[in-house]
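To start, the structure itself, in structure tokens.
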There are 2 protein chains.
Amino acid sequence: MNSDWLESFLIFSDTLNFTRAAERLHISQPALHVKITKLSEFIGKPLYQKSGRNLQLTAEGLQLQAFARDQSEQTNNMLKKLRSGTNSEEVCLSAGEGTFLYLLGKSVPVFKKRSSAKLRARTGNQSKVISDVLSGTAHIGITPMETSHESLISSPYTRVGQIVVMPTTHPLASKRKLKIEYLQGQSLIVPPEDKPHRILINRLLMSAQIDWQVAVEVNGWELMLHFAKQGMGLAIVNEYCKVPKGLTARALPEFPSIQFQLIKRRFGSTRPAIAELEEILFSHKESWKNEHRQR
Amino acid sequence: MNSDWLESFLIFSDTLNFTRAAERLHISQPALHVKITKLSEFIGKPLYQKSGRNLQLTAEGLQLQAFARDQSEQTNNMLKKLRSGTNSEEVCLSAGEGTFLYLLGKSVPVFKKRSSAKLRARTGNQSKVISDVLSGTAHIGITPMETSHESLISSPYTRVGQIVVMPTTHPLASKRKLKIEYLQGQSLIVPPEDKPHRILINRLLMSAQIDWQVAVEVNGWELMLHFAKQGMGLAIVNEYCKVPKGLTARALPEFPSIQFQLIKRRFGSTRPAIAELEEILFSHKESWKNEHRQR
DNA sequence: CACTATTACGTGAGCCGTAAAAATC
DNA sequence: GATTTTTACGGCTCACGTAATAGTG
């Protein structure tokens with residue numbers, strides 16, 4: 001296996017465009033094409049296919065992409081180590097913004113202190129986290145996931161319920177737990193129509209035949225809490241959110257809790273630094289529950 | 001980094017002889033020499049040095065050797081997987097014969113059942129186990145070790161004491177524990193002069209000013225027990241040995257117990273199958289103690 | 001028609017083997 | 001002086017770029 005082929009394929013697989021990949025590699029477009037063709041012939045399987053005007057990776061192409069990234073990473077680390085004597089690796093963790101803010105608060109600084117490796121963080125929604133891990137861009141991902149994926153190893157991380165946040169003076173604040181029906185007629189602070197959290201709210205309130213109004217449409221827990229504080233309405237948010245002073249949170253047991261998974265690539269090899277990050281993450285699995293809810 | 005260079009260096013590093021390595025690679029000797037030279041120039045450090053008539057790897061050469069073996073392994077696995085769709089990896093475990101026979105009895109079959117990877121076993125004395133792990137030939141080693149090694153991660157595995165084995169009818173069999181002085185005047189079944197176990201026996205009995213005779217000089221716990229059964233004398237063996245019927249074992253607390261370590265390469269990346277083997281080994285750490293001593 | 005993938009082909013850098021020199025016991 | 005490493009050099013392969021062709025919305 002020619003490592004030059006792999007290097008080229010890695011760049012190509014990230015853009016799926018021969019013209020631009022060739023530019024990045026400082027070779028001509030046909031030269032790159034020939035390389036990918038030879039690599040494909042050597043392996044014996046097609047690595048990409050046409051999808052109309054665009055190209056997309058086959059299953060084999062996806063696996064090879066992650067493998068090529070691993071190899072390239074390992075080679076660069078080894079080269080630096082041999083040349084300079086120092087060991088400077090990177091570990092990449094992909095997760096949602098809220099996950100970083102509230103679930104992983106403790107883990108990141110602990111890793112920084114304990115490990116010599118640099119931590120790179122990537123944020124994105126569920127599908128981005130998954131594709132980050134599958135493509136090898138991220139070594140570890142933390143995201144809500146229901147179905148399991150063949151090429152991923154997922155380990156249960158933590159389970160997060162839903163809460164309703166409202167001004168402490170709000171009549172519903174006197175209840176300990178809220179039934180869905182209490183939301184009848186309320187104004188809710190919700191994410192935009194296409195976000196999964198909004199879809200969930202729509203579906204559940206719809207099937208419980210609750211009438212409600214949109215108070216504001218905003219994106220992100222922080223903003224939702226901000227508007228709740230301004231008295232715009234009730235916000236249904238993840239249990240992990242830190243609730244600002246003046247607001248009260250009440251559990252909403254009928255809403256489904258969200259199972260977060262720690263995912264990594266099956267068949268991906270794990271460097272010690274990656275294993276360390278994983279271990280730290282696991283040991284702080286439930287630490288978000290000890291954070292002060294009020295701030 | 002040209003992977004062809006690495007492949008060649010891997011073969012060369014195993015023989016440290018250009019002539020024979022070139023034969024194995026089916027290229028001419030000068031061609032191989034040029035490759036290694038270019039690799040060395042690319043990295044910027046010498047990879048080997050002359051030691052009289054022979055060559056030996058530098059520190060960088062050693063690291064590169066293990067790295068090259070990892071890469072080659074991973075590439076082969078990935079190729080097979082892409083071509084055939086099946087995943088056929090190997091994991092290599094290096095340890096002493098006695099270790100395999102008595103300490104790891106349970107772990108090996110458990111791994112065979114639980115993992116799809118093939119297990120390759122290598123046997124050798126302490127220094128062979130260590131060099132196996134350092135060179136990447138073995139992924140995991142289990143061996144007695146006192147001092148720690150910079151390029152190895154060693155985790156305490158189990159601690160094994162020493163026992164004296166004798167015919168049940170022997171006068172010393174009536175004692176529960178044996179003091180060293182009880183060995184005064186006895187005939188002992190011992191390993192040859194150069195073996196570490198023999199050296200230990202010599203030193204301890206010498207400093208306790210005990211007189212004793214060599215009954216037989218044999219190599220290996222099995223043979224020592226065999227001759228003990230034939231009444232040739234007393235055998236001082238590791239506590240883990242299974243004692244045949246008709247023989248009695250008595251603890252020898254004054255003899256130092258041996259600390260076994262599980263070792264792996266620092267900075268080596270760990271495939272899932274390797275992690276699984278490690279986990280199984282650890283979960284059976286002390287299981288040798290539950291084996292029946294008599295058989 | 002604009003854009004990109006794919007094929008064809010002549011040229012040059014680099015690898016290989018042969019041959020010769022140097023080193024080491 | 002026998003064995004092995006190291007250097008030198010001519011031939012040849014193969015990877016590259018240029019140019020031309022095919023496919024697609």
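Note that the coordinates shown come from a computational prediction; the quantities given were computed from them, not determined experimentally. All values below come from the heavy atoms of this structure, side chains included, with hydrogens, waters and symmetry mates left out. Note on naming: letters A, B, ... go to the chains in the order of the sequence lines (proteins, then strands), and numbering restarts at 1 for each one.
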Can B:K264 and B:E278 be said to form a salt bridge (Lys or Arg N to Asp or Glu O under 4.0 Å), step by step?
CA-CA 10 Å; B:K264 54 182 177 177; B:E278 195 181 340; 3.1 Å; yes
Answer yes or no: is there a donor N or O on one side and an acceptor on the other, between the side chain of A:R271 and the main chain of A:E90, under 3.5 Å?
yes
Closer than 3.5 angstrom, by distance alone: can the side chain of B:S8 be matched with the main-chain N or O of B:K35 as a donor-acceptor pair?
no
Specify the separation, in whole Å, of atom CG of B:L16 and atom C1' of D:dT5.
13 Å
Atom pairs under 3.5 Å: protein N/O with N/O of nucleotides 23-25 of chain C:
from	atom 1	to	atom 2	distance (Å)
C:dC25	OP1	B:R53	N	3.4
C:dC25	O4'	B:R53	NH1	3.1

Taken to the nearest 0.5 Å, the spacing of B:I36 CD1 from B:L55 CG works out to 10.5 Å
Heavy-atom check, side chain of B:L6 versus side chain of B:S72, under 4.5 Å:
no
Sub-3.5 Å donor-acceptor pair from the side chain of A:S84 to the main-chain atoms of A:K81, do we have one?
no
To the nearest angstrom, the CG-C1' distance between B:D4 and D:dA15 comes to 15 Å
A:N2 CG to C:dC15 C1', straight-line distance once rounded to whole Å
13 Å
Please give, in whole Å, the distance from D:dT6 C1' to B:F18 CZ?
9 Å
In whole angstrom, give the distance that lies between atom CG of B:L55 and atom P of D:dT3.
17 Å
Between C:dT6 (C1') and A:F12 (CZ): distance, integer Å
12 Å
Do the numbers put A:R20 on top of the ring of A:F12, so that NZ or CZ is under 6.0 Å from the six-membered ring centre and no more than 45° off the axis?
no
DNA chain D contacts among residues 19-33 of chain B, heavy-atom distance under 4.0 Å:
B:T19, B:R20, B:Q29, B:P30, B:H33
For A:W5 and B:N17, find the nucleotide of DNA chain D closest to each by heavy atoms; which residue's nucleotide sits nearer the 5' end?
B:N17
Inter-end axis angle, the helix from C:dC1-D:dG25 to C:dC25-D:dG1, with every axis fitted to five base pairs (rounded, 10 degrees):
30°
Within the pair B:K38 and C:dG14, is there a side-chain N or O less than 4.0 Å away from OP1 or OP2?
no
Hey, mind stepping through B:D4 and B:K38 against salt bridge (Lys or Arg N to Asp or Glu O under 4.0 Å) and telling me if it holds?
CA-CA 11 Å; B:D4 180 40; B:K38 292 209 168 163; over 6 Å; no
Has the side chain of A:K128 got a donor or acceptor atom that lies under 3.5 Å from a matching backbone atom of A:T123?
yes
Assert yes or no for the condition that the ring centre distance of A:Y48 to A:F18 is strictly below 6.0 Å.
yes
Taking 4.0 angstrom as the limit, do B:E89 and B:K80 come out as a salt bridge?
no
Would you say B:Y48 reaches D:dT6's phosphate, i.e. side-chain N/O to OP1/OP2 under 4.0 Å?
yes
